[in-house]
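Presented below is the structure to which this report refers.
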2 protein chains.
Amino acid sequence: MQQRSEETRSRILEAAVKQFAVNGYGKASVDNICEQAGVSKGAFYHHFQTKQDVFLALLDGWLQIFDQAVEASKDQPVPETFQQMTDYFPYIFESASDNLPMFLEFLLQASRDDKVWQASIAPYRRYHKHFASLIKKGIAEGSFVEVDPNLAARLIVSAAMGLLLQSLLDPQGAKWDKVARETVQLMMNSLVREEN
Amino acid sequence: MQQRSEETRSRILEAAVKQFAVNGYGKASVDNICEQAGVSKGAFYHHFQTKQDVFLALLDGWLQIFDQAVEASKDQPVPETFQQMTDYFPYIFESASDNLPMFLEFLLQASRDDKVWQASIAPYRRYHKHFASLIKKGIAEGSFVEVDPNLAARLIVSAAMGLLLQSLLDPQGAKWDKVARETVQLMMNSLVREEN
DNA sequence: AGAATAAAACCGACTGGTCGGTATGTTTTT
DNA sequence: AAAAACATACCGACCAGTCGGTTTTATTCT
């Protein structure tokens, strides 16, 4: 029965995400994680080789939220694709408020640790490429004006990262999912070709 | 003669910025900073009460770069103001590649330490307000289309933060100061009222 | 000018605590 | 009985900050 094993593993992950969120990666100690999970250190190191492994496992799971939003509603006119993406914003911003500190610390690690850097740079480049080709498609189908797809994609990714950061920095500063939706609107206004 | 004192103080700051950049705030030990500065721990704690104080002192200095860029070229038509701001981009991105890891760690601290949060949220809100009023002025003088100034300002700040982040994540990914300049262009295109 | 003195600047060993990871042993499952 | 899962005590390294002392600088007095 690997039931118990799975249970323990997921309890460690749950506890880790809490500890990382509250204390950050550096301050979240394995001991605390174990305590919160109601599990011994032996169990912890039975399931994960290092603390960093736990972190990468969590990261992997979190990125799937974005993939979900990005992959959603394909095979439609491009403007609609962008529009539908905004449906995920409330969920994204909610999950960000819990996970972004951890995410930031992960970026920090990324700039210094090659293993983590690979795990971070890959999805980031994926998003950039995805938006660039979306825009290219939009131009091809005639719904977008002719901009540099790469440049516009950078703007989109930048705005997304920036908005997420701001939502962390100043949670009360605005209704961030609303701001994000309106930002998409604003960017769309300058991208969508006028009907005529 | 407080010459020696000043010298020591600035050597500590120099060493600190290097250590923070290379190892991050958490891993940069006071001992290392002292060693790099060629100064004893006693001297360190003579000049600064805590490690965090050093950090805040550095932060203060770094933010002045942005203030400089933001304050530059006032009393002009608003589109020109934005245009001239881009002159600072190469300098900003260069200094960011050294200081952004530290900057990120500072954001992290910001989300957990009230003292640091105050030091971080204040300038951030300043920039938002500054851009919002710039845009409002642009609309008033007739050079901008009628957008929500607050929303557009959020987009600008977001894009700026996002671009800085990306330049850290993927330094080789693009010529970031160029991308930033073109991004301003792109945003201006949708903000500036068509001549007619 | 030169000695005396006070204060600022600086030194480095030490403390108390934390933490990631290990070694060894015990329990549970197969 | 073998192997997987789990428990616990422990180690070595690290580190922010302290403290009693020494050196350098500035000031005052003679």
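First the proteins, then the strands, lettered A, B, ... as listed; each starts at 1. The figures that follow rest on heavy atoms only: side chains count, while hydrogens, waters and symmetry mates do not.
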>> Please report the distance, rounded to the nearest Å, between OH in B:Tyr45 and P in D:dC15.
In response: 12 Å

Enumerate all atom pairs, one protein N or O and one N or O from nucleotides 11-15 of chain C, separated by less than 3.5 Å.
from, atom 1, to, atom 2, distance (Å)
C:dC11, OP2, B:Ser40, N, 2.9
C:dC11, OP2, B:Ser40, OG, 3.1
C:dC11, O5', B:Ser40, OG, 3.3
C:dG12, O6, B:Gly42, N, 3.2

> Can you find a heavy atom in the side chain of A:Ser143 that is under 4.5 Å from one in the side chain of A:Pro79?
Replying inline: yes

> In whole angstrom, what separates A:Asn32's CG from C:dT18's C1'?
Replying inline: 10 Å

> Between atom CD in B:Glu6 and atom P in C:dA8, what is the gap in whole Å?
Replying inline: 16 Å

> Under the ring-ring contact (aromatic ring centres under 6.0 Å, His included) test, which residues partner A:Tyr91, sequence neighbours left out?
Replying inline: none

>> Show me the pairs that pass salt bridge (charged side-chain N to carboxylate O under 4.0 Å, His left out) and involve residues 176-189 of chain A, at least two apart or across chains.
In response: A:Asp177-A:Arg181, A:Lys178-A:Glu182

>> Around atom CD of A:Glu94, are there more than 12 heavy atoms from other residues, nucleotides or ligands closer than 6.0 Å?
In response: no

> What are the residues of residues 9-30 of chain A, sorted by number, that bring a heavy atom to within less than 4.0 Å of DNA chain D?
Replying inline: none

> Taking only residues two or more places apart in sequence or in another chain, which ones pass ring-ring contact (aromatic ring centres under 6.0 Å, His included) with A:Tyr45?
Replying inline: none

> Distance check: side-chain N/O of B:His47 vs OP1/OP2 of C:dA8, anything under 4.0 Å?
Replying inline: no

> Relative to each other, are the rings of A:Phe48 and A:Phe44 parallel, tilted or perpendicular (30° and 60° limits)?
Replying inline: tilted

> Near B:Gln84 CD, under 6.0 Å, is it more than 12 heavy atoms from other residues, nucleotides or ligands?
Replying inline: yes

>> Under a 3.5 Å distance rule, please check whether B:Thr183 uses its side chain to pair with a backbone N or O of A:Leu155 as donor and acceptor.
In response: no

> To the nearest Å, how far apart are A:Glu7 CD and D:dA5 C1'?
Replying inline: 13 Å

> Rounded to the Å, how far apart are A:Phe44 CZ and D:dA7 P?
Replying inline: 14 Å

> Under a 4.5 Å cut-off applied to non-hydrogen side-chain atoms, are A:Phe82 and A:Gln185 in contact?
Replying inline: no

> Heavy atoms, side chains only, cut-off 4.5 Å: are A:Val184 and A:Met85 in contact?
Replying inline: no

>> Output the rounded distance in Å from CZ (A:Phe48) to P (D:dA5).
In response: 12 Å

>> Rounding to an integer number of Å, can you tell me how far A:Ile33 CD1 sits from C:dG20 P?
In response: 8 Å

> Whole Å only: how far is the NZ atom of A:Lys51 from the C1' atom of C:dT18?
Replying inline: 11 Å

>> Tell me whether the rings of B:Phe93 and B:Phe89 are parallel (<30°), tilted (30 to 60°) or perpendicular (>60°).
In response: perpendicular

> Using a 3.5 Å cut-off on both pairing distances, which stems of three or more Watson-Crick or G-U pairs include DNA chain D?
Replying inline: C:1-30 with D:1-30

> Can you tell me if the side-chain N/O atoms of B:His46 get under 4.0 Å from OP1 or OP2 in C:dC10?
Replying inline: no

